[in-house]
Amino acid sequence: MQSNPKIHIFLFFVLLHLLCQLLRIMNKTAKKLFTCIIAMALSFHLIMIAVYCFPHPIKNPKIRFINKQYIYPIFHQNWGLFVPAPDTERKLFMRYEKNNGFTDWQDILSQEVIKHKQNRLSGNETRVLLLSNSLIYALNSLDEQPSSVFKAGISNKELKVLQFEVEQYLKSKYQLNGRIGYELLITSSGQQSKAFYLQNLAIN
Amino acid sequence: MNAITTYLFQTKKQTREVGWFRNALYLFLLYKVFVYIYQFQSLFSEDRLIYSNVKHINTIVDAVFFLNNHYSVFLGSFFIIAVVIITLIGLLKRSSFITNIILWWLVMNLTNFLYPTLTAGDFLLNQLLLFNCFFSLKKTDDLIINDLKTAFHNTALIGIKLQICLAYFLSAYYKLTEDSWINGGALHTIFQIPEFSNTLLASIPSVMCMVLTYLTIAYQLSFPVLVWFRPFKIWLFSFGILQHLVIALGMGLFQFGIIMIICYILFLKYDDRTEKENTISNN
């Protein structure tokens with residue numbers, strides 16, 4: 001099922017026309033009618049948000065489809081704040097080729113977190129959230145997999161995003177140009193500790 | 001029905017609080033823009049860290065992914081400058097429905113472009129900016145237009161308040177479905193993760209954390225009900241502001257914490273008290 005944007009635009013203009021007509025005959029009845037429309041529109045909007053954000057997804061596929069069409073992405077929200085409570089400490093280590101060898105391992109995320117703690121207002125929050133969210137997505141996508149070493153290329157999209165961010169980070173922080181090899185080590189330690197070692201990566 | 005009609009059309013409610021709310025919202029946007037400029041290299045330059053996806057769904061949805069789909073450094077800079085200009089227009093009390101709609105669209109595009117860096121506060125900000133378009137603090141000579149503006153103003157006001165109540169209720173409900181929140185260990189667990197903590201929070205004893213966990217759930221559950229009763233407001237807002245300051249400064253989710261505090265302004269109802277006092281003095 002695909003929603004037709006022309007219908008949306010047509011409906012918008014019909015509503016606009018009705019509103020103009022209403023303006024001309026603004027009396028008590030018109031006000032009541034207008035109140036009805038506004039109350040229904042607001043109720044509909046809030047109910048749709050409630051349905052969209054509710055922890056238990058609605059079962060009816062038609063309602064679910066309409067709900068998603070209406071909400072996403074313009075009214076998208078998520079109120080599952082810290083649910084489940086994060087119980088895993090994730091780390092993002094990186095090292096790159098230098099002088100026929102590798103540099104020491106560096107924990108990129110921790111470095112950004114420390115910077116953010118020094119001044120909460122400096123906006124480093126965005127960099128922390130960026131790396132932290134991408135790391136969470138990457139580790140979640142490997143949830144079924146045991147700890148492992150990736151020697152060849154990566155086909156996993158979440159890992160590719162993380163790889164892109166680390167490459168850009170390296171380029172901007174260490175002014176690295178040209179093709180330079182690097183390695184990534186991502187770990188999660190908590191109830192279930194895991195590590196994934198990504199070798200033979202290169203900055204393009 | 002008559003009561004609702006009277007509520008919508010009688011007078012513009014809480015104009016003073018709406019004015020404060022608007023100013024706070026615009027100042028917050030200026031802070032956000034400052035962050036964008038300060039972090040321009042990481043977020044908007046050619047070497048940005050943001051992995052952007054082109055998204056084509058339909059005309060309406062594409063409009064809020066315009067920056068994503070046509071990104072260039074120039075366009076990114078243009079969006080940022082446009083937000084600054086419209087925000088300043090707002091702070092100078094010269095904003096209109098059109099400027100606020102444009103502001104909403106610009107911010108929606110910027111937030112969608114920076115999707116991996118968002119928190120629940122950014123999505124809430126989008127909703128606040130949408131409702132903000134319907135606030136009007138000035139009167140016009142045309143009675144009908146005035147009536148309509150009053151109705152939209154009051155609807156937006158109640159809309160934001162209900163949205164905040166809904167957010168608190170949903171947040172509490174989510175927590176009640178999760179074991180770590182039910183058994184009281186959630187905050188202690190969260191405070192041990194360096195990304196969401198600092199030395200002070202990490203050192204809070206687990207018993208204290210348990211009390212805070214249950215207080216948080218109780219606060220979020222009771223907010224949608226108690227906020228409508230004046231005697232409870234001082235306690236609710238005191239706890240709420242403290243909680244959101246801890247989130248902002250302690251846990252590091254600064255923007256989320258501040259935007260939630262800004263929302264409280266609309267629950268102050270200073271004008272209503274003034275109205276009541278006027279009525280009493282007239283009698």
Side-chain angles (χ1 to χ4, degrees), chain A residues 2-5 8-9 23-24 26 28 31-32 34-36 38-39 42 45-46 49-50 53-55 73-89 109-110 113 116-117 120-134 160-161 164-165 168-169 171-172, chain B residues 1 4-5 8-9 34-35 38-39 41-43 47-51 58-61 64-65 108 112 114 116-120 123-124 127 144 147-148 151 155 158-159 162-163 166-167 170-171 173-175 177-178 180-181 185-187 189-190 193-196 198 248-249 252-255:
Chain A
Q2 277 282 321
S3 68
N4 190 345
H8 288 142
I9 294 164
L23 267 171
R24 292 187 188 161
M26 203 59 158
K28 266 191 176 176
K31 276 183 181 176
K32 276 187 185 171
F34 188 74
T35 306
C36 252
I38 267 190
L42 185 64
H45 177 73
L46 292 170
I49 289 174
C53 297
F54 205 62
I74 296 174
F75 306 123
H76 170 76
Q77 296 172 39
N78 175 16
W79 292 106
L81 308 172
F82 290 102
V83 176
D87 58 356
T88 310
E89 191 178 343
L109 181 58
S110 294
V113 170
H116 181 38
K117 279 179 185 173
R120 295 295 200 194
L121 273 78
S122 68
N124 223 52
E125 179 183 354
T126 49
R127 285 163 74 98
V128 171
L129 285 169
L130 178 73
L131 291 172
S132 162
N133 286 340
S134 302
K160 272 190 176 167
V161 172
F164 170 85
E165 288 169 5
Q168 295 296 86
Y169 183 91
K171 274 193 221 169
S172 63
Chain B
M1 191 66 204
I4 303 174
T5 310
L8 284 188
F9 286 93
F34 157 76
V35 169
Y38 191 65
Q39 300 285 349
Q41 178 73 18
S42 312
L43 304 176
D47 295 331
R48 63 188 176 276
L49 272 62
I50 305 288
Y51 183 89
N58 64 44
T59 320
I60 295 168
V61 174
V64 293
F65 282 99
M108 280 281 286
N112 283 334
L114 301 172
T117 68
L118 304 185
T119 63
F123 299 121
L124 180 65
Q127 301 307 302
I144 294 168
D147 269 352
L148 270 183
T155 309
I158 196 76
L162 291 175
Q163 162 74 73
L166 185 64
L170 286 168
S171 190
Y173 191 87
Y174 264 100
K175 288 176 174 65
T177 60
E178 226 268 314
S180 64
W181 283 93
L187 281 185
T189 315
I190 294 167
I193 306 290
E195 288 152 68
F196 307 115
N198 62 17
L249 301 169
L253 299 170
F254 184 76
Q255 298 190 14

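Sequence lines set the chain letters: A, B, ... in the order given, protein chains first and strands last, and positions in each chain run from 1.
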Check your understanding: If you count heavy-atom pairs under 4.5 Å with chain B, which of A:N124, A:L131, A:V128 comes out on top?
Key -> A:N124

Review point. Side chains of B:E195 and A:S132: is there a donor and an acceptor less than 3.5 Å apart?
Key: yes

Point to revise | Side-chain donor/acceptor of A:W79 to backbone N/O of B:L166, under 3.5 Å | key: no

Check your understanding: With a 4.5 angstrom heavy-atom cut-off, which part of A:L46 approaches chain B: side chain, backbone, both or neither?
Key -> both

**Study point:** Heavy-atom contact with chain A under 4.5 Å, split by part of B:Y38
**Key:** side chain

Review point. Checking B:L170 against chain A: side chain, backbone, both or neither under 4.5 Å from a heavy atom?
Key: both

Revision key, fill the gap. Heaviest contributor of heavy-atom pairs below 4.5 Å to chain B, chosen from A:K32, A:E89, A:E125, A:R127, is A:E125

Review point. Under a 4.5 Å heavy-atom cutoff, which of B:T117, B:D47, B:L49 has the most pairs with chain A?
Key: B:L49

Study note, to complete from the structure: When rounded to the nearest 0.5 Å, the distance separating NZ of A:K160 from CD of A:E165 is 14.5 Å

Revision key, fill the gap. Interatomic distance, CG@A:L121 vs CZ@B:F254, rounded to 0.5 Å, equals 3.5 Å

Point to revise | Exam field: side chain B:N112 to backbone B:F65, donor-acceptor pair closer than 3.5 Å | key: no

**Study point:** B:Y51 side chain vs B:P116 backbone, donor-acceptor pair below 3.5 Å
**Key:** no

Practice item. Please name the pair of heavy atoms, one in A:I74 and one in B:Q127, separated by the smallest distance, quoted to 0.1 Å. Key: O-NE2, 3.5 Å

Review point. Of the backbone (N, CA, C, O) and the side chain (C-beta and beyond), which part of B:S171 lies under 4.5 Å from a heavy atom of chain A, both, or neither?
Key: both

Exercise for review: Please name all residues satisfying side-chain hydrogen bond (donor to acceptor under 3.5 Å, both in side chains) with B:Q163, sequence neighbours left out, ordered by chain then number.
Suggested key: A:Q77

Check your understanding: A:K117 versus chain B, heavy atoms under 4.5 Å apart: side chain, backbone, both or neither?
Key -> side chain

**Study point:** Toward chain B, the part of A:F164 with a non-hydrogen atom under 4.5 Å
**Key:** side chain

Study note, to complete from the structure: Turns out that what part of B:T177 lies under 4.5 Å from chain A's heavy atoms comes down to side chain

Check your understanding: Distance from A:Q168 atom CD to B:R48 atom CZ, nearest 0.5 Å?
Key -> 8.0 Å

**Study point:** Side chain / backbone / both / neither for A:H116 at chain B, heavy atoms under 4.5 Å
**Key:** side chain

Practice item. Could you look at A:S122 and say if it's the side chain, the backbone, both or neither that has a heavy atom under 4.5 Å from chain B? Key: both

Review point. For B:I50, is it the side chain, the backbone, both, or neither that has a heavy atom closer than 4.5 Å to a heavy atom of chain A?
Key: both

Revision key, fill the gap. Under 4.5 Å to a heavy atom of chain A? For B:L118 that would be backbone

**Study point:** B:L249 versus chain A, the contacting section by heavy-atom distance below 4.5 Å
**Key:** both

Practice item. Report the residues that fulfil side-chain hydrogen bond (donor to acceptor under 3.5 Å, both in side chains) with B:T189, sequence neighbours left out, ordered by chain and then residue number. Key: none

